[in-house]
Every structure is written in structure tokens, then in C-alpha cells.
Engineer: 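Got a structure for you, written out below as C-alpha cells; questions coming shortly.
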There are 2 protein chains.
Amino acid sequence: MIHRQLDAGSGIPLWAQLAEVLREEIEVGHFDERFPSEPELVELFKVSRSTVREAIRYLRSEGYLEARQGKGTFVVASESFDSLRSHRFSLAGRIAESGLEEVARLLWKGLVYDADLAKSLELSSDEFFLIERLRGSRQESFALERAYLPRVNPASFDCVDLTKAGSLYSVLQSGTGITVTAGSDEVSAAMPSEREASLLGIAEKDPVLVVERRAYSRHELVEFRRTTLVPARVRFRAEWGR
Amino acid sequence: MIHRQLDAGSGIPLWAQLAEVLREEIEVGHFDERFPSEPELVELFKVSRSTVREAIRYLRSEGYLEARQGKGTFVVASESFDSLRSHRFSLAGRIAESGLEEVARLLWKGLVYDADLAKSLELSSDEFFLIERLRGSRQESFALERAYLPRVNPASFDCVDLTKAGSLYSVLQSGTGITVTAGSDEVSAAMPSEREASLLGIAEKDPVLVVERRAYSRHELVEFRRTTLVPARVRFRAEWGR
DNA sequence: TTAGATTTGTGCGTATGTATG
DNA sequence: ACATACATACGCACAAATCTA
């Protein structure tokens with residue numbers, strides 16, 4: 001078994017030492033069949049249960065472990081890329097930093113038909129309500145946002161102010177009664193189309209960040225959103241540490 | 001002040017109830033000038049400090065709060081971009097999905113001198129130990145990784161196997177005794193140089209994702225890493241809710 | 001510069017609740 | 001019904017970082 005001595009006076013917190021030992025064992029594949037229970041770890045490493053739980057909490061937040069009440073703690077199948085695995089990225093931009101007011105300009109809204117999109121989203125109907133907005137400060141734009149809403153009543157959006165920077169979800173909630181419960185985001189890089197470059201005020205040779213979002217309400221897709229961002233004006237940032 | 005009664009028998013954990021109350025107050029801007037200290041919240045809501053800390057921990061993980069030892073807890077200025085604020089992005093690629101073995105090829109290691117980099121990192125010396133690796137499966141590469149280590153003994157890396165996919169930090173730890181405690185990542189988009197495109201096996205007109213990492217050991221920079229990724233082969237993905 | 005107060009971080013102990021098998 | 005597992009909640013003490021008098 002493991003049995004590595006933790007050093008209380010090393011300046012490194014006990015839970016961090018324990019997490020490091022466990023992380024190494026996980027990466028070697030030592031716990032693939034079974035991860036020790038909390039009481040077992042308490043006994044093995046001679047620390048309190050709070051310390052064990054703190055270490056496990058950290059490894060969960062890093063994506064190494066997941067826990068199920070009543071069942072146990074399990075190793076998550078490893079991603080290939082070291083420690084870029086599960087940091088919390090947030091969008092940070094000059095607008096937020098400088099405190100400039102953010103504005104959203106409505107470019108277009110209305111029904112569109114897109115068979116390819118419907119197919120990739122596994123939807124039976126190719127009808128979408130499209131909301132296209134340009135976001136930025138008064139001086140410059142940093143994002144072009146296209147939200148595709150399947151199966152909604154276009155009239156729901158007639159009286160809604162879409163120029164506010166606020167969330168589309170509150171609009172969805174108040175306009176249609178739909179509550180978004182889960183979703184996914186995917187970040188990639190791409191080249192802008194001529195129109196995108198023009199709207200964002202960049203050259204066609206400048207690359208952009210693309211975020212694709214799927215939002216669900218009770219396992220049902222309620223929004224597909226593609227946001228095109230200017231990397232010089234806004235970027236994703238994660239801070240991590242103990 | 002606040003005073004909302006929490007209900008112990010409601011089925012909802014006390015910390016979650018407290019977090020919800022605090023979140024609402026935060027969004028109204030009630031705590032913009034000062035967020036209550038832990039003992040104050042204990043007194044206000046008549047719960048234990050662990051419960052208070054659990055609620056604050058959650059709000060920190062959601063990006064609403066940040067805490068500094070000795071200073072206090074503070075409301076994070078809301079990012080301009082709705083709800084992309086605190087998702088957990090992890091790198092997902094074809095390699096991990098298909099279960100192919102990941103390999104790392106050492107391209108170069110040795111001392112380099114870069115005054116611009118030293119200046120941007122606010123370092124007095126422009127001497128770096130550079131480790132350049134190409135990562136991918138046997139069939140194709142998906143990332144070019146350049147790690148700049150200031151002030152390390154080059155001999156530390158003589159006997160180390162850098163072709164393993166494993167973390168550089170364990171190398172740092174064993175080779176130099178340095179323990180990485182904190183850091184930040186920033187994701188952007190860029191065009192590859194001729195050499196990068198060639199090494200990654202892509203066209204020069206294909207955009208790439210760029211991740212810049214800063215790693216610290218006790219407030220001291222110990223690594224600056226720039227990773228260039230091929231978006232078609234690997235991307236950042238976050239799932240939320242549920 | 002120093003000393004003390006304040007605030008979050010770490011770590012211990014205990015007890016009880018809830019989900020699972 | 002029972003044992004096992006993690007989740008919640010309480011209390012206490014001291015350490016480390018920060019601010020202030």
C-alpha cells in the first residue's frame with residue numbers, strides 16, 4: 001500500500017501534501033480499480049477527516065476525482081493534457097478592466113432555416129429564431145454573438161430590449177418560461193468571414209476566438225450560440241493555486 | 001442589515017441557503033463596498049463558521065467572491081460577458097478520446113536570452129532555460145510547448161526524461177526542489193509562424209490557440225510557458241449545470 | 001519599527017444525515 | 001435491517017497574512 005509520511009512542519013499544508021501524494025498515485029494508475037474511502041485515508045496517513053476531505057475536494061476541483069454519496073470516490077479517466085485539465089477560465093477584457101460601459105447592438109432577429117445546423121444538433125426541425133448581436137464598448141466591438149433558438153415563439157421577443165448587456169437567459173426565462181439548467185461551452189480558433197471582420201473592425205487575416213455554447217433545459221436543447229471574439233480585446237483567463 | 005432566517009429542516013443544506021442569500025445580495029450590489037467577515041456572517045445567520053466557509057467556498061468557485069488571507073473577502077467585479085465567467089474548461093482532444101498514446105518529443109533545451117520576455121515578466125535577468133517540446137500522438141502533433149524557466153541550474157535537467165507526457169512540475173520538484181503553488185493561464189488565438197506551422201503539420205493560414213501560463217512558487221515566477229495548439233485536434237470544453 | 005487586532009487558512013474532534021448496496 | 005460511504009454541521013485552537021495604532 002501507499003504509506004507516505006506527511007510533514008506537518010514543512011510549510012506546505014497537510015491537505016496539499018496529501019493531495020500531491022494521491023495525485024501521483026492516481027497518475028500511475030494505482031487507484032484505477034478502487035479509490036480508498038475517507039476513513040481508510042484517515043487511518044493510512046494519520047490525519048483528520050477534514051484534511052482528507054480537503055485534499056479530495058481539491059483533486060475533485062482539478063478533475064482527478066469524483067465522489068458519489070453512498071458509493072465512494074472514483075478516479076476520473078485522465079485527460080491527455082497535463083494540468084490544463086480543469087481550470088476555471090473566465091472572460092477578461094479591456095472593457096471590464098477599464099470600467100467602460102458595455103453595450104450590445106442588435107444586428108438582426110428573425111426566423112432562419114439551417115438544415116446543417118439542425119442535423120449537427122440532432123433536431124428534427126430546421127427552423128431557428130436567430131438573434132444576432134454585436135457586443136463591445138462604445139469605442140470598439142469585441143464580440144459577435146449569434147444565438148439560435150429552436151422552437152420558440154418569435155413574438156416572445158417582440159417587446160424585449162436586447163441591447164442590454166445582460167444575459168439572454170433572463171430573456172428566455174421571462175419571455176418563454178424556459179429555465180436553463182445545464183450546458184456546455186467549447187472554445188476554438190478560426191478565421192473571420194469578411195462580414196465578421198468588418199463588423200468587428202479587424203482584418204480578415206486576424207484570427208478570432210470562437211465559443212460554441214449549447215444550453216439545455218431538462219435535457220432538451222434550448223439554445224445554440226456561436227460567439228466570435230477578438231483576441232486582442234478579450235481573452236480567457238484562469239487563475240489557479242492553493 | 002440582511003437578516004434572513006435559514007431553515008435547517010428544508011432539505012436544502014444550510015450552506016446552500018446561505019450562499020443563495022449572499023448571491024442575491026451580491027447581484028444587487030449590496031456588498032460592493034465591503035463583504036462581511038466570516039465571524040460577522042456567523043453572528044448574522046446563526047450558523048457555524050464551517051457553514052459560512054462552505055457557502056463562501058461555493059461562491060468563490062462560481063466566481064462571485066475572492067478571499068485574501070489577512071485582508072478579507074471581496075466581491076469580484078462582474079465580468080462583462082454573461083455567464084462565461086467561471087466555467088471549468090478542460091482540454092479535450094482526439095488523442096484522449098481515441099485512447100491513442102500521447103508522446104512528447106524534445107525539440108530543444110538550453111539557455112536563451114530574451115530581454116523583451118524578461119521585461120514583460122518583470123524579471124531583472126534576461127536569462128532563461130528553455131524547454132521546447134512537441135506533443136501529440138504518433139500520427140500527428142497537436143501542441144508545441146515552450147517553457148521558459150528563469151534562474152535554474154541547467155544541469156538539473158541533464159538526466160531527466162522530458163519525452164514523457166507527464167507534468168513538467170514533477171521535474172521541477174525533483175530537479176530543483178521548487179514546488180509550484182499557484183499560477184494563471186490565458187487563452188488566445190493567433191497565426192502560427194512558418195516554423196510552428198511546419199512542426200505542427202498545418203498550413204500557415206490556419207489559426208492556432210495559444211495558452212500562456214505563468215507558474216509561481218511563493219509569489220515568485222518559476223515558469224512562463226507558451227503552448228501553441230491546433231484547434232482542429234484539440235479544444236477547450238466546459239460543461240456546466242447539472 | 002513594533003505590538004496588537006483583525007481576517008482568512010489550516011487542522012483537529014465529534015455527531016448526525018442521506019444515499020447506496 | 002444493516003453496514004458502508006460521502007455530506008452536512010457543530011465546536012475549538014492555532015497559524016499566517018494584513019492592517020492599524
Side-chain angles (χ1 to χ4, degrees), chain A residues 4-22 26 31 33-62 64-76 239-242, chain B residues 4-22 26 31 33-61 64-76 179 181-182 216-220 242:
Chain A
R4 186 124 37 132
Q5 198 54 50
L6 305 182
D7 181 5
S10 68
I12 299 166
L14 282 178
W15 67 261
Q17 295 178 50
L18 175 56
E20 181 55 25
V21 172
L22 294 175
I26 288 167
F31 296 137
E33 63 173 44
R34 198 182 87 94
F35 191 83
S37 72
E38 293 174 358
E40 283 169 344
L41 291 172
V42 167
E43 179 57 31
L44 270 168
F45 290 93
K46 310 295 181 191
V47 291
S48 73
R49 187 164 168 226
S50 345
T51 303
V52 166
R53 281 183 65 77
E54 191 67 34
I56 289 177
R57 187 201 305 275
Y58 175 74
L59 291 172
R60 285 215 275 169
S61 80
E62 289 291 302
Y64 287 98
L65 295 176
E66 68 180 20
R68 305 248 178 89
Q69 186 173 176
K71 294 190 68 171
T73 304
F74 306 89
V75 173
V76 173
E239 305 201 4
W240 40 280
R242 245 183 14 226
Chain B
R4 186 111 48 115
Q5 198 52 49
L6 305 183
D7 180 5
S10 69
I12 299 166
L14 283 177
W15 67 261
Q17 296 179 49
L18 175 55
E20 183 53 25
V21 172
L22 294 175
I26 287 168
F31 295 137
E33 60 174 44
R34 198 182 87 94
F35 190 84
S37 72
E38 293 174 1
E40 283 170 346
L41 292 172
V42 166
E43 180 56 32
L44 271 168
F45 291 92
K46 311 295 181 191
V47 291
S48 72
R49 191 176 163 214
S50 349
T51 302
V52 166
R53 282 181 64 79
E54 192 66 34
I56 289 177
R57 187 200 308 274
Y58 174 74
L59 292 172
R60 286 216 274 170
S61 81
Y64 287 98
L65 296 175
E66 67 179 20
R68 300 259 181 245
Q69 186 173 172
K71 293 192 70 172
T73 304
F74 305 90
V75 174
V76 173
T179 306
T181 56
Y216 299 88
S217 179
R218 304 184 319 113
H219 304 293
E220 190 181 33
R242 235 168 320 194

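Letters A, B, ... mirror the listed sequences (proteins, then strands); counts begin at 1.
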Engineer: Please identify each residue that fulfils salt bridge (Lys or Arg N to Asp or Glu O under 4.0 Å) with B:Lys46, with sequence neighbours left out.
Structural biologist: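 B:Lys46: salt bridge (Lys or Arg N to Asp or Glu O under 4.0 Å) contacts with B:Glu43.
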Engineer: For D:dA1, give its Watson-Crick or G-U wobble partner with both distances under 3.5 Å, or none.
Structural biologist: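 By the stated definition (distances under 3.5 Å), nothing pairs with D:dA1.
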Engineer: Going 5' to 3' through nucleotides 1-10 of chain D, assign each nucleotide B (protein heavy atom under 4.0 Å from a base atom), S (under 4.0 Å only from sugar-phosphate atoms) or - (no protein heavy atom that close).
Structural biologist: ----BBBBSB
Engineer: Considering non-hydrogen atoms only, spot the tightest contact between A:Ala19 and A:Tyr58 and give its length.
Structural biologist: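 Result for this residue pair: CB-CD2, 3.9 Å.
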Engineer: Check side-chain contact (heavy atoms from CB on, under 4.5 Å) between B:Arg57 and all other residues, then give those that pass, not counting sequence neighbours.
Structural biologist: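 For B:Arg57 the side-chain contact (heavy atoms from CB on, under 4.5 Å) partners, ignoring immediate neighbours, are A:Glu54, A:Arg57, B:Glu54.
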Engineer: Within this structure, what is the CG-to-C1' distance between B:Leu65 and C:dG9, rounded to whole angstrom?
Structural biologist: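 Spelled out: CG on B:Leu65 to C1' on C:dG9 is 16 Å.
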Engineer: Taking only residues two or more places apart in sequence or in another chain, which ones pass side-chain contact (heavy atoms from CB on, under 4.5 Å) with B:Ser50?
Structural biologist: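 Partners of B:Ser50 by the side-chain contact (heavy atoms from CB on, under 4.5 Å) criterion, ordered by chain and then number, come out as B:Ser48.
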Engineer: Among all residues two or more places apart in sequence or in another chain, which pass the side-chain hydrogen bond (donor to acceptor under 3.5 Å, both in side chains) test with B:Glu38?
Structural biologist: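 Once residues adjacent in sequence are excluded, the partners of B:Glu38 under the side-chain hydrogen bond (donor to acceptor under 3.5 Å, both in side chains) criterion are B:Arg49, B:Arg53.
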Engineer: To the nearest Å, give me how far apart OH (A:Tyr58) and C1' (C:dG9) are.
Structural biologist: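 In whole Å, C:dG9 C1' and A:Tyr58 OH are 16 Å from each other.
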Engineer: Just jot down the side-chain contact (heavy atoms from CB on, under 4.5 Å) partners of B:Gln17, sequence neighbours excluded, or say none.
Structural biologist: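 Checked B:Gln17 against side-chain contact (heavy atoms from CB on, under 4.5 Å); matches are B:Leu6, B:Asp7, B:Ser10, B:Ile12, B:Leu14.
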Engineer: Provide, to the nearest angstrom, the distance between the CZ atom belonging to A:Phe45 and the P atom belonging to C:dG11.
Structural biologist: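 After rounding, the gap between these two atoms is 14 Å.
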